[in-house]
Amino acid sequence: MDKEGTPTDFIRQIVAADVAAGKNGGRVQTRFPPEPNGYLHIGHAKAICVDFGIAEEFGGTCYLRFDDTNPTKEDEEYVEAIKRDVRWLGFDWGDRLTHASDYFPQMYELAVHLIRAGKAYVDHLSTEEIREYRGTLTEPGRESPYRNRSVEENLELFERMRRGEFEEGECVLRAKIDMASPNINLRDPPLYRIRKVPHQRTGTTWCIYPLYDFAHTLSDALEGTTHSLCTLEFEDHRPLYEWFLDNLPVPHRPRQIEFSRLNLMYTQMSKRRLRQLVEEKHVEGWDDPRMPTLSGFRRRGYTPESIRDFIRRIGVTKKEHMIELGLLESCIRDDLNVRAERRFAVLDPLKITIVNFPDDEVEWLEAANHPSRSELGTRTVPFSREILIERSDFMEDPPKQFHRLKPGGEVRLRYAYIIKCEEVVKDAAGNVVELKCSYDPTTRSGSGDEGRKVKGTIHWVSARHAARAEVRLYDRLFKVPFPTGESLEDELNPSSLEIVEAAVEPALADAPPESHFQFERNGYFFVDPVLSRPGKPVFNRTVTLRDSWAKLEKEALSGAAQG
RNA sequence: UGGGGCGUAGCCAAGCGGUAAGGCAACGGGUUUUGAUCCCGUCAUACGCAGGUUCGAAUCCUGCCGCCCCAGCCA
């Protein structure tokens with residue numbers, strides 16, 4: 001990271017060196033190549049920021065290329081979702097939207113080129129036989145009996161594959177490299193397989209489809225990619241990537257560079273696992289606010305800026321890491337702290353009657369929308385004889401550090417008066433159901449003579465004026481730090497969602513969808529764009545506020561228990 | 001046990017032969033009508049381990065150790 005906060009990771013260093021050396025005429029071109037078989041998650045956000053970010057920084061371009069080489073797994077449904085998510089993150093591919101399938105005709109020609117050069121052959125071994133012939137990690141493989149077919153025969157066979165004369169699995173086109181290579185990717189890797197399935201874009205034009213290594217390398221080379229950035233698991237494939245570039249007449253020579261993928265604690269990033277969560281209804285959909293998908297984060301109230309900041313802060317290296325959730329939370333708090341207006345909402349209400357306040361009177365008090373951004377203005381909140389406070393802001397027998405309400409104690413009602421707890425009302429079961437308090441009229445906020453200071457200030461709403469609103473308190477989806485996804489029952493957090501009916505200040509009743517608020521002393525909340533109705537907002541908790549009391553309380557209580 | 005990678009603080013991460021940046025977390029203090037924010041300070045005699053080269057090593061060399069990835073007609 002340099003002084004401006006611009007990352008200077010190893011990939012940027014390589015790209016800068018390539019540019020300085022005049023490679024590719026100084027041109028920088030990258031690509032983000034998602035397979036349209038699922039929704040994008042925060043791991044993809046890292047790839048997107050790296051691919052688009054680096055191109056942008058070097059005055060280059062980045063393509064959004066759908067890697068649609070497997071018609072049995074992919075679906076057009078995901079394409080629009082992916083485009084929306086990339087755009088939402090703040091990146092623009094302009095007219096550089098492509099598909100691997102755009103290059104199918106050229107790829108076919110290049111495969112033929114390989115056959116003509118004696119570097120590819122049609123293999124009639126079965127899937128199982130190919131596996132057996134491949135050898136193991138420690139033993140070399142054996143050559144297929146079909147490996148030495150003539151160029152003419154291979155040409156004809158491949159053409160017949162293309163025409164649909166063979167069934168799926170009957171044969172495959174393989175590169176002829178080295179069955180004894182210590183790198184298994186070089187043991188005559190399959191290039192084309194038969195799939196008699198219509199393709200989302202090319203329909204029934206093809207019944208043979210290129211495999212990843214061939215398709216990806218050629219897409220890069222044909223498209224003009226200069227730097228092909230991918231994750232660590234493809235490091236072993238680089239020799240094959242380069243073998244294609246060395247053996248085929250392609251117009252460009254891209255360079256593949258690998259970096260580590262994002263791992264987040266308490267999160268599962270495998271597409272298969274995410275799909276399972278959706279299909280087995282553990283969550284409400286791909287965009288459930290508990291999902292690590294970009295659409296989930298968006299609905300939770302995360303901003304694209306906060307996610308980009310997060311990606312910037314974690315850096316790009318080849319080291320496998322496991323990022324703490326706290327860092328992500330810190331990023332969204334930083335962002336929302338400056339942009340979110342403040343409001344009062346009582347999540348778990350306890351009634352207070354102000355015994356010396358007239359029953360028929362209402363005072364409208366001015367409250368700042370933001371503590372440090374006065375340009376955001378103010379609003380008024382009604383104060384009356386009956387108010388609601390957070391149940392947790394009263395303790396009958398508190399530890400000494402507790403400076404909110406207790407019997408006989410005083411607390412300031414934010415933007416209003418200091419009140420004193422005169423009486424605790426309980427039901428037959430001994431539960432506190434109401435507090436009777438007195439207020440000190442000389443302590444009104446903003447009066448210029450606010451009287452005494454008290455240690456605690458709490459938020460509140462007028463009982464009569466409060467609106468009721470559904471508030472969804474989201475927490476981490478998994479309760480274990482390193483979920484495997486293998487045993488969802490054991491790993492899922494049973495309280496990842498708690499729905500409460502909160503009492504909110506009147507100004508919140510018509511909060512528009514997708515607006516962010518800080519409910520003072522509670523957290524940041526986002527008006528759900530799916531569940532909200534006009535006049536009936538549903539609030540999603542994006543993240544809690546930092547809470548140093550929670551720690552203190554833990555210590556105080558354990559201390560009390562010991563003492 | 002073949003091949004490819006990676007080891008700097010609790011979690012990330014700079015460093016590129018000249019004496020360990022920064023962020024998150026934690027801890028201490030200040031401001032505060034949000035126990036928030038903000039501000040100040042503390043936090044690696046130490047870079048997986050052991051040798052070696054050098055006036056000088058996290059950086060170079062050697063040997064160990066640990067972790068990850070690879071045996072789909074998935075990507």
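Side chains are part of it too, since the values below use all heavy atoms of this structure and drop only hydrogens, waters and symmetry mates. The sequence lines fix the lettering, A, B, ..., with proteins before strands; numbering per chain opens at 1.
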### Task
Choose from B:C12, B:A75, B:C73 the nucleotide whose nearest atom is closest to any side-chain atom of A:M322.
B:C12

### Message
If you compare every side-chain N and O of A:R333 against the phosphate oxygens of B:C24 (OP1, OP2), does one of them come in below 4.0 Å?
### Response
no

#### Entry: N/O (side chain, A:K551) to phosphate O (OP1/OP2, B:A26) under 4.0 Å
yes

#### Entry: B:A46 to B:U8 separation - C1' atoms, rounded to the nearest Å
9 Å

#### Entry: Aromatic ring pairing A:Y417/A:F383, orientation class (parallel under 30°, perpendicular over 60°, tilted between)
tilted

### Task
Determine the Euclidean distance between corresponding P atoms of B:G22 and B:A14; express it in Å to zero decimal places.
15 Å

### Message
Measuring only the P atom in each nucleotide, how far is B:C47 from B:U59? A whole number of Å is fine.
### Response
9 Å

### Query
Between B:G35, B:G5, B:G72, which one does the side chain of A:R134 approach most closely?
B:G72

### Task
Determine the interatomic distance between P on B:C64 and the same-named atom on B:G3; round to the nearest Å.
13 Å

### Query
Rounding to the closest angstrom, what is the interatomic distance between B:G66 and B:A57 at atom C1'?
23 Å

### Task
Report yes if a donor N or O on one partner sits less than 3.5 Å from an acceptor N or O on the other, where the partners are the side chain of A:R412 and the base of B:U33; otherwise report no.
yes

### Query
Is the side chain of A:K176 donor-acceptor paired with the backbone N or O of A:I115 at a distance under 3.5 Å, no angle test?
no

### Query
For B:G66, what is the paired nucleotide under Watson-Crick or G-U wobble rules, both distances under 3.5 Å?
B:C6

### Query
Is A:R342 reaching over with its side chain to a backbone N or O of A:A340, donor-acceptor style, under 3.5 angstrom?
yes

### Query
Does A:Q401 get its side chain close enough to the base of B:G35, under 3.5 Å, for a donor-acceptor pair?
no

#### Entry: Any A:T457 side-chain nitrogen or oxygen under 4.0 Å from OP1 or OP2 of B:U32
no

### Query
Hey, does A:E258 reach any base, or is it just sugar-phosphate, or nothing, if we go heavy atoms under 4.0 Å?
nothing

### Query
Of the nucleotides B:C24, B:A71, B:C12, which one has an atom closest to the side chain of A:H321?
B:C12

